[in-house]
Amino acid sequence: MTTPRITLFIIAHNEEAKLAKCILSTKGLVHEVIVVNDRSQDRTEEIARELGAIVFSRDFDGFANQKNFALSKVNGDWALNLDADETLSPALKEEIRCTVQNTPHSGFNIPFSNYFLGKKMNHSGLNKEHHLRLVRTKNAHYVGGLVHEGLEVKGTVGNLKNAINHYSYDSIETYFRKLNHYTSLAAEQMYKNGRKFSLPFVLITIPFEFLKRYLLKLGVLDGIRGFIWASFSAFYVFVKYMKLWFLWEKRSV
């Protein structure tokens, strides 16, 4: 039986600090690495090439489009998608290796272990996260807009047990850099979809987001990080809708 080939693909922008760790965590599992670089100003492209990746340059025009482009360059039977701030554990690598040898499924959901400010979050709505990240290449494509892309496959989807490690926010500065980027994309997408700004809705949603994360999702059990995460999540909602308001305000001028 021929061993299935697995390709890792990553979309990246200014990820020199984390890219190597991500790629090296898949060593011995993947046969090919594809990096789609969005005009990085740091050593992202250089590091990717040094580690043997095939690099393509492409301006970012939405997560679905960027990932579909990356997926189109995959030569492996299976495609594994990671962000630059994510890694595979040895246990997950072995599970993937064994699973793709003989499976009827066309894709697999993988659980996530999320780290915030250097520590794993066991609650706060981050403890049950999972995403479809491993798919048969020919059966998959992305749908969606600027944000909230979804990966769809033809066929059944299974579930893996071991988690991807996600080191998304290693500092508060990193969080707010990403917040500014993602809230702009989210507001633009809502604007394109015709979503109108509603102050009463925002006034209700902001405190609910905090209470949901901190109490309903047991963020209180994550200590100070749980409080920070709940507060930042509520602020994310505030900024997103203020940017939506401003887009409509500019249109009316």
Side-chain angles (χ1 to χ4, degrees), residues 1-12 22-23 25-36 53-54 56 58 61-115 120-168 182 185-186 189 193 217:
M1 181 181 294
T2 303
T3 301
R5 293 175 60 85
I6 303 173
T7 296
L8 167 68
F9 70 94
I10 304 166
I11 64 170
C22 172
I23 294 175
S25 75
T26 68
K27 187 176 181 180
L29 173 68
V30 303
H31 298 79
E32 175 187 55
V33 179
I34 301 290
V35 174
V36 176
I54 303 169
F56 298 91
R58 186 178 190 274
D61 61 349
F63 284 99
N65 289 343
Q66 199 79 340
K67 289 190 175 183
N68 273 326
F69 176 84
L71 190 58
S72 73
K73 302 302 180 182
V74 168
N75 293 309
D77 307 292
W78 288 84
L80 171 67
N81 173 230
L82 293 177
D83 291 339
D85 57 7
E86 298 168 355
T87 65
L88 302 186
S89 67
L92 178 55
K93 283 203 311 185
E94 185 60 27
E95 184 180 11
I96 292 173
R97 182 183 293 110
C98 295
T99 299
V100 299
Q101 295 295 327
N102 184 22
T103 177
H105 295 305
S106 293
F108 289 91
N109 286 311
I110 305 177
F112 272 57
S113 291
N114 289 291
Y115 291 77
K120 182 180 177 181
M121 299 288 279
N122 294 313
H123 306 281
S124 303
L126 298 173
N127 55 314
K128 296 182 179 180
E129 184 179 346
H130 64 273
H131 298 286
L132 181 58
R133 290 298 190 86
L134 178 65
V135 293
R136 293 187 191 272
T137 306
K138 294 181 179 180
N139 291 22
H141 73 284
Y142 284 91
V143 295
L146 293 174
V147 290
H148 304 307
E149 80 284 3
L151 182 54
E152 295 186 349
V153 295
K154 296 179 182 178
T156 59
V157 175
N159 298 289
L160 299 183
K161 295 180 180 179
N162 292 287
I164 289 173
N165 295 313
H166 186 202
Y167 304 96
S168 56
Y182 286 118
L185 293 176
Q189 187 65 60
N193 292 342
K217 300 293 185 180

Identify the two heavy atoms, one from [X] and one from [Y], that lie closest to each other, and give their separation to 0.1 Å.
{"X": "His105", "Y": "Thr156", "value": "ND1-OG1, 2.7 Å"}
{"X": "Val35", "Y": "Ala12", "value": "CG1-CB, 4.3 Å"}
{"X": "Ile11", "Y": "Gln66", "value": "CG2-CG, 3.7 Å"}
{"X": "Arg133", "Y": "Leu82", "value": "NH1-CA, 3.6 Å"}
{"X": "Ala79", "Y": "Thr137", "value": "N-OG1, 3.5 Å"}
{"X": "Gln101", "Y": "Pro4", "value": "OE1-CD, 3.8 Å"}

Criterion side-chain contact (heavy atoms from CB on, under 4.5 Å) on His123 and Lys217, from CA distance to verdict
CA-CA 6 Å; His123 306 281; Lys217 300 293 185 180; over 6 Å; no
Rounded distance (nearest 0.5 Å) linking atom [atom1] of [X] with atom [atom2] of [Y]:
{"X": "Thr103", "Y": "Trp78", "atom1": "OG1", "atom2": "CH2", "result": "5.5 Å"}
{"X": "Asn81", "Y": "Leu132", "atom1": "CG", "atom2": "CG", "result": "9.5 Å"}
{"X": "Leu134", "Y": "Leu8", "atom1": "CG", "atom2": "CG", "result": "11.0 Å"}
{"X": "Thr87", "Y": "His166", "atom1": "OG1", "atom2": "NE2", "result": "10.0 Å"}
{"X": "Asn75", "Y": "Glu32", "atom1": "CG", "atom2": "CD", "result": "4.5 Å"}
{"X": "Lys93", "Y": "Leu80", "atom1": "NZ", "atom2": "CG", "result": "11.5 Å"}

Are Arg58 and Asn65 close enough, and set up right, to give a side-chain contact (heavy atoms from CB on, under 4.5 Å), and what steps lead you there?
CA-CA 10 Å; Arg58 186 178 190 274; Asn65 289 343; 4.2 Å; yes
[X] side chain to [Y] backbone, donor-acceptor under 3.5 Å:
{"X": "Asn68", "Y": "Tyr142", "result": "yes"}
{"X": "Arg97", "Y": "Gly28", "result": "yes"}
{"X": "Ser106", "Y": "Arg136", "result": "no"}
{"X": "His130", "Y": "Ile110", "result": "no"}
{"X": "Thr26", "Y": "Leu29", "result": "no"}
{"X": "Glu129", "Y": "Phe112", "result": "no"}

Exercise for review: Identify, with sequence neighbours excluded, every residue that meets side chain to side chain contact (heavy atoms under 4.5 Å, CB included) alongside Asn159.
Suggested key: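 For Asn159, the residues satisfying side chain to side chain contact (heavy atoms under 4.5 Å, CB included) (neighbours in sequence not counted) are Asn109.
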Quiz item: Which residues pass the side chain to side chain contact (heavy atoms under 4.5 Å, CB included) test with Lys138, sequence neighbours left out?
Solution: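 Scan of Lys138 (side chain to side chain contact (heavy atoms under 4.5 Å, CB included), adjacent residues dropped) gives none.
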inquiry  = Around atom NZ of Lys67, are there more than 12 heavy atoms from other residues, nucleotides or ligands closer than 6.0 Å?
reply    = yes
State whether the number of non-hydrogen atoms from other residues, nucleotides or ligands found under 6.0 Å of Lys73 atom NZ is greater than 12. yes
Going by heavy atoms in the side chains, are Leu88 and Ile164 under 4.5 Å from each other?
yes
Go through Lys120 and Asn122 one step at a time and tell me if the side-chain contact (heavy atoms from CB on, under 4.5 Å) criterion holds.
-> CA-CA 6 Å; Lys120 182 180 177 181; Asn122 294 313; 3.8 Å; yes
Result for side chain to side chain contact (heavy atoms under 4.5 Å, CB included) between Phe69 and one of Asp61, Val36, Ile34 points to Val36
Go through the structure and list residues passing ring pair (Phe, Tyr, Trp, His ring centres under 6.0 Å) with Phe63, not counting sequence neighbours.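 Once residues adjacent in sequence are excluded, the partners of Phe63 under the ring pair (Phe, Tyr, Trp, His ring centres under 6.0 Å) criterion are Phe60, Tyr182.
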